[in-house]
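Data block below; observations after.
Scope of the values below: all heavy atoms of this structure, side chains included, with no hydrogens, waters or symmetry mates. Order of the sequence lines sets the chain letters (A, B, ...), proteins ahead of strands, with each chain counted from 1.
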Amino acid sequence: MAKETTATAKSATSAPEDVNQRTGKTKVRTKLLLANLGVALLALGFLATIAYALLRQSLQSNREAQFTSLRSLLTRQVNEYFRSNRAQLATQAESQTVQLALAEFTGARRTLFAELATEGFTADVPFMLNLRESDRAYYEQFLIQGLLVARAPAPREESDKYLPKDREALLLQLVYTVKNPAPPGSKALNNSTTDILANEQLDRPLREAFFRSNYAVANNRYHPYFKAIAERFGYEDVYLIDADGNVVYSLDKELDFGTNVRTGPAKALGLGDAYFAAWFSESSTNADLDSRVVLTDFGAYDYAYDSPSIFMATPVTDTVGRRLGVLVFRLGVDRIYSLFNFGGRLSEIGLGQTGEAYMVGPDLKLRSDSRYTESLGTSQRKMRMNKLGEAAGNTSILATTADNEATRAIFGTAPNVPTSGTATYANYAGDQVIGSYGPLAVSGLDLGLVVEQGTSEAFADAQKLLKILAAVGGLILLGVLFISLITAAGVLQPLTALTTVAGRIAQGDNSVRAPVLSGDEIGFFATAFNTMVDSRITAQEKAEKENTLLQADIRQLLDVVADAADGDMTVRAKVTEGALGNIADAFNLMLENIGDTLKRVQTATTRVNGAASDFLQSSEQMARGAAEQATQIGFTTLAMNQITSNLKVVSLNAESANAAADNARKAAEVGDSAVREVVSGMERIRRSVQAGARKIKRLGERSMEISTILGTIQSISNQTDMLALNASIEASRAGEEGRGFSIVAEEVRKLAERTQAAARDIEGLVSTIQGDTNEAVITMEEQTAEVEREARVVASAGTELERIRHSITESAMLISAMNTAAKEQAEGAGHVLEAMTVVQSIAEQAEGNSRRNREESAGLTKLADELITSVGQFRVGAEIIPSASVSSAGLAPTLRASTPDAASALPAAPAVGSVGRSPTLAPLVAASKPGGPNGSGALSAT
Amino acid sequence: MKTLLSAVAASFFLAGSAGAQAPASTFLTTDRPVATNEVKIGVSVAQSGRSGAVGLDYLKGARVYFDRLNEREGGIHQRKVKLIAYDDRYEVLACTLNTRRLINEDKVFALLNYMGGVNTRAAGQMITEAQIPLVGAFTGAQTLRQPINRYLFHIRPGFFEEAALIVERLITDRSVTKIAVFHQADSDGDGVLRGVERALRPRGIAVAASASAIRNTVDVAAAVETMLQARPDAIVLGTSYQASALFVKGLKARGFSPIIVGTSFVGAEQFAEFAGQEAANGVYFSQVVPLPTEASVPLVKAFQDDMKGSPDFSATHAALEGYLNAAVMAQALRDTGANLNAAAFLKALENLNADIGGVAITFTPSTRQGSKDFYLNVVRAGQLAKVEKFTP
């Protein structure tokens, strides 16, 4: 019964070991890896998501605010540009100089041919016919050729379409344009009366008559004035157009000079539209500028080889309000474009490598040049023409179509979308951009303004962060993987070794021992395992040795007994050192005393039998108790084993938790450093915004230099004023002769005054620029503050992360403590188990002993019974002896398996004949075995 | 031969010079031929861009009126009315060029349904030169009413009268005196501000606060701040529907809900749609035509009946105003009689005195203001509803 329990317990403990050996290794490792990687991934993913989302959101709102403030700055600048030009145009139209100029040019044009005739040049028919053909050659060479280049692949225009029909226009163009030796674009530099007189390309009679004409004189008088205005304010051309629509004056004297804008080709161009609308616009000085000055949208202007042009026009009236004509400025794109590309410093203003600001019209075509003009497809760009009518690069104005969410919203094409705002969309080049858009709100000019930048650049910092996080995350995961593998190996390697050793011992190889690889529970377990194996093997060897000795003694004794059984009572058994010696001695004594004692035996036998019975009973009781104890201990050991393995699992879990906590803590540290990275990124943004502010400040300071130059202009005009005053004093002294001179002096004085007024205007403009610059700087400073606020938010996120890291460290410490406690418990349980193993082996020994006792006493009782029978036979006489001899032969095998003590009673029957033969043996029996003499004693007493 | 050629060439050049010296200011023709079976009416109005929606409705009202008239009655005095309309995107230059084309090339008999103070002012100079009447202008600008332009016939009353009515109702119905104005920074928006100032002046009250938005823009943040500081009891709107809606939303978002009154300039239907119910509800509007859903008014009933047959049905105030203006034009043509000419038509217009479906229209040789009636609305559940007073 006890044996069965032990076997069951053994198989119960060995079965899971086998399972572990086969599948546990991978299972434990996989579990460990998955758990650690899972925790690390979760922590990293969480941190990365938060950090990326925060940064992207911050970048987006930052960019939107930046672009919107840039857009409002540009909107103000463009509005200011048009407002000041409107003011300039209106002021000029009100000035007496312009009114006189228009009146004089109109009159001089009308009387031109009459004057020439008076001066001796008659425009006869051959001259007139030749005149038209001379002009035509020039038209073909420049205008028609230039338009062919600009409009390729459209067919060549006919020069008749552009050639003027009236003789005044043809003659003016011949003198000032066609025969002017200066190249196109520079005619304005070579058109004084002296220049005309010196122009050998003109027939002598013509130039000698023409240079005296009122027109040439008027041009001499007013041309420098208009030239100065155009140069100072950046106008492409200035036109005076009379009430009939004749261009009586043009600064540049290109081929639109002299033509009629009501009947000629310019009728359908911006110049004709501007002239017509200006004729019907308000002329009262009280009316607001917007309704006095007409603006045309950018349009291709034939006379500038289709270059985009804006015309500004306002009516010119005489003192009684009668309309004399219209004053027109032609604005090129360069001045406006310079506002939009910030002098090529787009990246310094915060637009980076992909950002730009541009204007767009209601046809969704660009009104300022794209940053990418040269890389756009040919259908998205046009030839840029220089003043000589040659192609000089490309332009996107009126060529590139920007049809997207932003531009549609500006012009109200998208219903219920505000006309200004921010959006992310694909721009005209197909790139994804983030942009701020809105109408320019220039009265009379329906344009939109867009400031945008590629999202890839705008959100580059976020992408960078993502890359850093990915790289750091990868490293962390690799680290976690590595640590997990080492941990798994540390646990699994000794276990595997132990399993192998146990298997070899089971196969009978007692030489192997478990290697002690670590100082932890597994190491302790290996040591205990080895100790157990050692003690088991020692005990086994001792038992085997004793058994061999005993068997040899028994064989010897059996030989003697066999002889005695054969009736030879002279034989004596060899008395050996071992336990069997006592038997031999007793046997010898028995043989000697057998005869003497038979009678006493007979009487004592009955009592012996009783005592043996009692002994058997108590022996059995003892054996039962011992078996029960062994069973109990078996159960306890099993339970202890389970506890120990449970504790080991706890300990392993605690260790995994510890490692996970450690990883989490490291991940938090990485997050912390990522936040620090973000903070420093924000700092960089702040620095770049401040750098932008400094740039704008510098712009403001530059405009101060203009003020200095203005001072110079003012002092010059003051001097001029003084000179004029002196001149008029001198003139008055000269009396009637000086009257003409006095008028000139007065004009000079007026000119000086106007120069002063113009200087004041510029001063106003400079202060506006400075105001705008200051506003921009304030906006920039607000942005810097915003960035700093963001940085503080991120920094507080960093503090939060620090706190999280602290709490993770604390939990790690707790888990570590738990782990230590679990390890200690497992260790304690190991000790208990060890003690239990010892107890079990003692109990097993005790059980074996009591079992042997029981068997011995059972044999004794049996022997006593047989003794009674034998003794009974002795009483009957000699015929009993043969049967006794049979009986002893049957007993011999039993004796071999039995304890040597029982053998002392065996030879009772064959000993009959040899009683008294060896009396020397008696004291031996008494001395060697206490049970024997007692029994003998009892027998003796009987 | 040579002398003949010379003579021809000389006469050619002399003629060219003579042509150039023709008297000035003949930009527009006064010649308006009248056909026996057709009379051409010209319109320049925004049909695209930001004001395109309003302009299209305004035009649609007139078109529907004349289409039905031509169908039902075969026109006026056997002349079918032909409407020629050009898109000006609400831009003055385009309007000017359109008007030249209508007068010089299309030789229309009269002009109808212009939009906005700036455009109408530019057209005003041209119609004087061309001596062609313009009936109906979508503007309340006082400068276009005083001094009068002989050829410009207003139907809708001006901003001064509109502001006077709003102020009167606010003071009588709600006993408020702190009245502010949010207006567009152009002549029309300024007209609203000046109207409110003028209406308050006899009572010894000044405008509590005023803020402006640049035309076509929706940046209302500064205006909202101004109003939050001044905290007026009521605010009168003279801005586009988008700016108005965002402004009202901005105020409500900051927890400030004064009485809001939109002028006819705002575009009530578009405002209600763009602002959404929450912001639009409770906003009052003054209108220059009856509610387009108020079928008890004969004009509205006729308008609805005519519109129902139209493929692009639209019952907005702008459409009804366009319809009313067309009806006035038709009445003047009828009054002129079968013998149509410019002088007779101008005379008929100057003496027009008619009840157009319940709306009284009166011109005299010295007045050019056809209607004097206003109509009050309030936004309820996103829809405009008729009210008599501003009492909630």
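No more than 12 heavy-atom neighbours from other residues, nucleotides or ligands sit within 6.0 angstrom of NZ on A:Lys267. Counting non-hydrogen atoms of other residues, nucleotides and ligands closer than 6.0 Å to CG of A:Leu324 gives a total above 12. Heavy atoms of other residues, nucleotides or ligands lying less than 6.0 angstrom from CD of B:Glu225 number more than 12.
Looking only at side-chain heavy atoms (C-beta outward), B:Met126 and A:Trp279 stay at 4.5 Å or farther from each other. Using a 4.5 Å heavy-atom cutoff, the side chains of B:Arg50 and A:Asp446 are in contact.
Atom OG of B:Ser187 sits about 7.0 Å away from atom CG of A:Asp288, to the nearest 0.5 Å. Here the straight-line distance linking atom OG1 of B:Thr217 with atom CG of A:Leu440 works out to 11.0 Å at 0.5 Å rounding. Taking CG of A:Asp273 as the reference point, atom CZ of B:Arg100 lies at 6.0 Å (rounded to 0.5 Å).
The parts of A:Ser420 that come within reach of chain B are both its backbone and its side chain, each placing non-hydrogen atoms under 4.5 angstrom from that chain. Both the backbone and the side chain of A:Ile410 come within less than 4.5 Å of a heavy atom of chain B. Both the backbone and the side chain of B:Val218 come within contact range of chain A, judged by heavy atoms closer than 4.5 Å. Proximity to chain B (any heavy atom under 4.5 Å) is shown, for A:Thr263, by neither the backbone nor the side chain.
Summarising the geometry of B:Leu93 relative to A:Leu295, their closest heavy-atom pair is CD2-O, 3.6 Å, with the distance given to 0.1 Å.
The aromatic rings of A:Phe280 and B:Phe27 sit perpendicular to each other, their planes meeting at more than 60°, with 30° as the lower class boundary.
In this structure, B:Arg121 contributes its side chain and A:Glu282 its backbone to no donor-acceptor pair below 3.5 Å.
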### Query
Given the rule in the side chain to side chain contact (heavy atoms under 4.5 Å, CB included) test, do B:Gln242 and A:Val417 qualify, once you have shown the distances and angles that lead to the verdict?
CA-CA 9 Å; B:Gln242 279 201 357; A:Val417 176; 5.7 Å; no
Check: residues 272-281 of chain B side-chain donor-acceptor pairs under 3.5 Å, at least two apart:
from	atom 1	to	atom 2	distance (Å)
B:Glu273	OE2	A:Asn416	ND2	3.0
B:Gln277	NE2	B:Ala381	O	3.4
B:Asn281	OD1	B:Ala381	N	3.0
B:Asn281	OD1	B:Gly382	N	3.0
B:Asn281	ND2	B:Gln277	O	3.4

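With respect to chain B, the highest number of heavy-atom pairs below 4.5 Å among A:Pro362, A:Gly412, A:Ala277, A:Gly438 belongs to A:Pro362.
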